[in-house]
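Data block below; observations after.
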Amino acid sequence: MTETDDLKTHLLTAIEAAAGLDALETVRVEALGKQGRVTALLKSLGSLTPEERQVQGPAIHGLREAVTTAIATRKAALESAALEAKLAAERVDMTLPVDVPLAGTIHPVSQVMDELAEIFADLGFAVATGPELETDWHNFTALNIPESHPARAMHDTFYLAGEHTPEDRERPRLLRTHTSPVQIRTMLSQKPPIRIIAPGRTYRSDSDATHTPMFHQVEGLVIDKGITMGHLKWTLETFLKAFFERDDIVLRLRPSYFPFTEPSAEVDVGYTLQKGKRVIGGGGDVENGGWMEVLGSGMVHPKVIAACGLDPEEWQGFAFGCGIDRLAMLKYGMDDLRAFFDGDIRWLKHYGFSALDVPTLSGGVGAA
Ligand code: DAH
């Protein structure tokens, strides 16, 4: 046996025996490092005679090759064993019962959105969505809010800098200021009859106890033949009764103005005072209660219907829009909107819902 053969046997045995990546690295340095034994042999080739080199050269290069390959093979084996061990240690048994007290909570906004979807699904409404990054045209122009319209200023819009696409029609994009552009997107993409609600995030540059720069709205839209304000009022009444889980909900429709509806109405709901707190239901009278504004609504403006390529002579409808955060506050009794978005774990524990508390009509939508 030559010295090269001995070294090869020694190194290959050591590589095979390396129990971990660190041990393997030690063997690698011993063999192939700057001061390594194989490196020293390679260096020694220079001082040999040409005849010796003819014999030693292939042997030493063969040794280096064999050691390099053995190290790579051992390294791959050790790494895959480590991964296997890690996977085995982190194995989760999905069939174990849920440990509810340790689980997170459902945010009241998510819960209310689920309640809305449940209530309106029962009335034949689908849930529609649209982008939060919206074009000026969808957010304003198509909703009969032309460029010079004062309503644009009222919306405290966040505009985006940057490139415009042809769809933007030369105006900067914006964060949608309301969910009403989903009306436009739905009428452009679906054939009537249409019955949708569109819950989602909306944005305005505004911040105090009842306003946050990001907030939530739900939009409602019905487009069909022969739709009247009577349908609107019945729908809202049915919705609010189911939402507040009370039969004594009283509504008041006040004439108002929105560019995208004609006629327009603001909807107030009656409340009664109980121990100084406003409780939705009954009321409407001044002595022990009053009216609270909850919604904007109206008959969809013919110009909006026409902007979506439909014939307003043939199709009519109603629309409404409502703040979801405010609905949650009224139903579940929070009084500062900003706390909704602070992510404070104590608040979430107090006001959050169990993941198993799925709203159903039969259980009362917000069953605790
Ligand atoms: N988009 C309005 C807002 O954000 C709310 C609204 C009012 C929506 C009347 C409607 C509507 O669909 O008919 O203030």
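Heads up: numbering here begins at 1 and tracks the sequence. Whatever order the structure lists them in is the order used to number ligands and atoms, beginning at 1.
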Pull out every atom of ligand 1 sitting under 4.0 Å from any heavy atom of [X], numbered as shown with elements.
{"X": "Gln217", "answer": "3 (C), 4 (O)"}
{"X": "Phe258", "answer": "7 (C), 9 (C)"}
{"X": "Ser180", "answer": "1 (N), 8 (C)"}
{"X": "Gln183", "answer": "12 (O)"}
{"X": "Gly296", "answer": "7 (C), 9 (C), 11 (C)"}
{"X": "Phe320", "answer": "8 (C), 10 (C), 11 (C), 12 (O), 13 (O)"}
{"X": "Thr261", "answer": "13 (O)"}
{"X": "Arg204", "answer": "3 (C), 4 (O), 14 (O)"}

How does [X] reach ligand 1, if at all, at less than 4.0 Å between non-hydrogen atoms: by side chain, backbone, both, or neither?
{"X": "Ala319", "answer": "both"}
{"X": "Phe318", "answer": "neither"}
{"X": "Glu262", "answer": "neither"}

Nearest heavy-atom neighbours spanning Ile106 and Ser354: CG1-O, 3.9 Å

- request: Would you please indicate if the ring centroids of Phe353 and Tyr332 are separated by under 6.0 Å?
  value: yes

field: Output field: ring centroids Phe320/Phe120 closer than 6.0 Å
entry: yes

message: Could you check whether Lys331 pairs with Glu245 (Lys NZ or Arg NE/NH1/NH2 to Asp/Glu carboxylate O, under 4.0 Å)?
response: yes

field: salt_bridge(Arg185, Glu134) N-O dist < 4.0 Å
entry: yes

Just by distance, do the side chain of [X] and the backbone of [Y] share a donor-acceptor pair under 3.5 Å?
{"X": "Glu219", "Y": "Ser180", "answer": "yes"}
{"X": "Arg252", "Y": "Trp291", "answer": "no"}
{"X": "Arg204", "Y": "Asp156", "answer": "no"}

message: Could you identify the single nearest non-hydrogen protein atom to atom 2 (C) of ligand 1 and state the distance to 0.1 Å?
response: Phe260 CZ, 3.8 Å

- request: Using only heavy-atom distances, determine whether the side chains of Ser110 and His107 contain a donor-acceptor pair under 3.5 Å.
  value: no

- prompt: Given Ala198, Gly321, Cys322, which one has a non-hydrogen atom that is nearest to atom 8 (C) of ligand 1?
  reply: Gly321

